[in-house]
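The first residue of the sequence shown is numbered 1, and numbering continues consecutively from there.
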Amino acid sequence: MIVTETERLRLRNWEYRDRDLFFEINSDPEVMTFFSYRRTRAEADALFDRNRQTIADTGFGFYALALKETDEALGFCGLAAVDLSPILPSGTIEIGWRMARRHWAKGYVTEAARALLAFGFETRGLGEIVSFAVPGNHRSIAVMERIGLVRDADADFDHPRVPATHPQLRRHVLYRGTRPV
């Protein structure tokens with residue numbers, strides 16, 4: 001299932017051949033710098049299966065981000081339901097991404113995220129899409145700003161699923177995008 005494409009990229013559901021890449025991006029310490037955990041192979045495989053099924057069932061999830069020319073997965077970029085009530089209302093859709101290090105700094109995430117915003121607003125009829133990150137995650141925040149999301153400083157929050165053992169990762173900044181009129 002192809003969700004959308006850009007000049008260089010394809011956003012699609014995960015295929016079994018993508019499992020190694022999915023594990024790589026979820027276990028790499030540098031990729032996961034702003035997360036309080038790294039996934040084991042079994043944990044990554046279980047998340048892979050859940051994500052793949054959610055995309056098949058709902059059309060939402062963190063899609064495989066692949067090169068259009070070769071269909072090689074590079075990471076993910078997606079639109080997914082956020083479960084952070086009461087911080088964010090039920091039904092809120094988040095845009096998020098994660099890339100293998102060897103594919104950083106090539107503009108892939110920005111290109112994919114712009115296409116997904118258009119897909120979310122124009123095709124899926126969403127009124128708002130949010131994104132959030134640890135304040136020190138300057139790369140992700142730069143992408144949020146490049147794709148036109150706007151910081152809502154009054155809505156910054158302490159992430160309830162970040163353990164107390166990682167206080168430096170609890171605070172998150174919130175960015176919002178709304179459907180163009």
Side-chain angles (χ1 to χ4, degrees), residues 1-52 54-55 60-80 82 94-117 119-120 129-149 151 159 161-163 165-175 177:
M1 166 186 152
I2 296 173
V3 175
T4 192
E5 293 182 325
T6 70
E7 182 180 326
R8 301 183 296 166
L9 305 170
R10 173 174 295 135
L11 291 144
R12 59 167 171 77
N13 201 349
W14 294 92
E15 298 174 1
Y16 289 109
R17 65 188 166 105
D18 303 324
R19 276 186 187 277
D20 289 342
L21 180 277
F22 194 82
F23 170 63
E24 175 188 340
I25 63 176
N26 282 285
S27 63
D28 182 309
E30 193 168 350
V31 172
M32 300 295 286
T33 297
F34 298 102
F35 293 86
S36 59
Y37 54 87
R38 313 295 171 265
R39 288 191 170 87
T40 65
R41 182 60 192 236
E43 291 167 336
D45 284 349
L47 180 60
F48 177 95
D49 291 337
R50 281 193 311 273
N51 195 42
R52 189 172 188 278
T54 298
I55 292 167
F60 287 108
F62 293 111
Y63 316 113
L65 189 163
L67 282 176
K68 195 174 190 180
E69 187 176 303
T70 63
D71 206 33
E72 170 199 1
L74 314 173
F76 69 68
C77 190
L79 298 171
V82 178
E94 164 197 12
I95 187 167
W97 44 80
R98 195 169 301 152
M99 295 286 294
R101 263 187 296 154
R102 65 186 173 280
H103 301 297
W104 287 2
K106 297 177 183 172
Y108 293 139
V109 168
T110 299
E111 184 177 330
R114 282 186 178 133
L116 281 180
L117 285 179
F119 171 78
I129 297 171
V130 303
S131 193
F132 47 87
V134 171
N137 189 344
H138 302 293
R139 288 188 305 264
S140 281
I141 291 169
V143 171
M144 293 175 202
E145 293 174 352
R146 278 195 299 270
I147 65 175
L149 301 183
R151 170 106 185 261
H159 202 297
R161 289 194 296 271
V162 174
T165 55
H166 291 79
Q168 76 281 11
L169 301 177
R170 284 196 64 112
R171 193 70 180 162
H172 280 64
V173 294
L174 182 75
Y175 280 71

K.L.:
For E30, check salt bridge (charged side-chain N to carboxylate O under 4.0 Å, His left out) against everything at least two apart and list the hits.
P.N.:
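Scan of E30 (salt bridge (charged side-chain N to carboxylate O under 4.0 Å, His left out), adjacent residues dropped) gives R101.
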K.L.:
Filter on salt bridge (Lys or Arg N to Asp or Glu O under 4.0 Å), then keep only pairs touching residues 105-116, sequence neighbours left out; what's left?
P.N.:
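Sorted result for residues 105-116: R8-E111.
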K.L.:
For F60, enumerate each residue passing the ring pair (Phe, Tyr, Trp, His ring centres under 6.0 Å) test, keeping only those at least two apart in sequence or located in another chain.
P.N.:
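F60 satisfies ring pair (Phe, Tyr, Trp, His ring centres under 6.0 Å) with no other residue.
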K.L.:
Locate the shortest heavy-atom distance separating P29 from R38; write the atom from each residue and the value.
P.N.:
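It is CA-NE, 3.4 Å.
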K.L.:
Residues in side-chain contact (heavy atoms from CB on, under 4.5 Å) with R151, at least two apart?
P.N.:
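Applying side-chain contact (heavy atoms from CB on, under 4.5 Å) to R151 gives A153, D156, V173, Y175.
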K.L.:
Among residues at least two apart in sequence or on other chains, which ones pass side-chain hydrogen bond (donor to acceptor under 3.5 Å, both in side chains) with R17?
P.N.:
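Expected list: E15, D71.
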K.L.:
Listed by chain and number, what are the side-chain contact (heavy atoms from CB on, under 4.5 Å) partners of T70, not counting sequence neighbours?
P.N.:
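Checked T70 against side-chain contact (heavy atoms from CB on, under 4.5 Å); matches are L67, E72.
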K.L.:
Apply side-chain hydrogen bond (donor to acceptor under 3.5 Å, both in side chains) to D18 and list each qualifying residue two or more places apart in sequence or on a separate chain.
P.N.:
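Result, side-chain hydrogen bond (donor to acceptor under 3.5 Å, both in side chains) vs D18: R12.
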K.L.:
R98: which residues meet the salt bridge (charged side-chain N to carboxylate O under 4.0 Å, His left out) condition with it, sequence neighbours left out?
P.N.:
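Residues passing salt bridge (charged side-chain N to carboxylate O under 4.0 Å, His left out) with R98: none at all.
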K.L.:
Can you name the salt bridge (charged side-chain N to carboxylate O under 4.0 Å, His left out) partners of R102, sequence neighbours left out?
P.N.:
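R102 satisfies salt bridge (charged side-chain N to carboxylate O under 4.0 Å, His left out) with E24 only.
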K.L.:
So, using side-chain contact (heavy atoms from CB on, under 4.5 Å) as the criterion, who are the partners of N51 when residues are at least two apart?
P.N.:
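Checked N51 against side-chain contact (heavy atoms from CB on, under 4.5 Å); matches are W14, I55, F62.
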K.L.:
Check side-chain contact (heavy atoms from CB on, under 4.5 Å) between R50 and all other residues, then give those that pass, not counting sequence neighbours.
P.N.:
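side-chain contact (heavy atoms from CB on, under 4.5 Å) check on R50 returns A46, L47.
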K.L.:
Is any side-chain heavy atom of R10 closer than 4.5 Å to one of K68?
P.N.:
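The answer is yes, as the side chains (C-beta and beyond) meet within the 4.5 Å cut-off.
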K.L.:
If you define the side chain from C-beta out and look only at heavy atoms, does anything of L79 sit under 4.5 Å from Y63?
P.N.:
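With C-beta onward as the side chain, the pair touches.
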K.L.:
Is the charged tip of R39 near the ring of F22: under 6.0 Å from the six-membered ring centre and within 45° of its axis?
P.N.:
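Ring-cation test returns no.
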K.L.:
With sequence neighbours excluded, what pairs up with S27 under the side-chain hydrogen bond (donor to acceptor under 3.5 Å, both in side chains) test?
P.N.:
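Here no residue qualifies.
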K.L.:
Quick one: which of I147, L149, I141, V143 gives a side-chain contact (heavy atoms from CB on, under 4.5 Å) with E145?
P.N.:
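So the option named by the test is I141.
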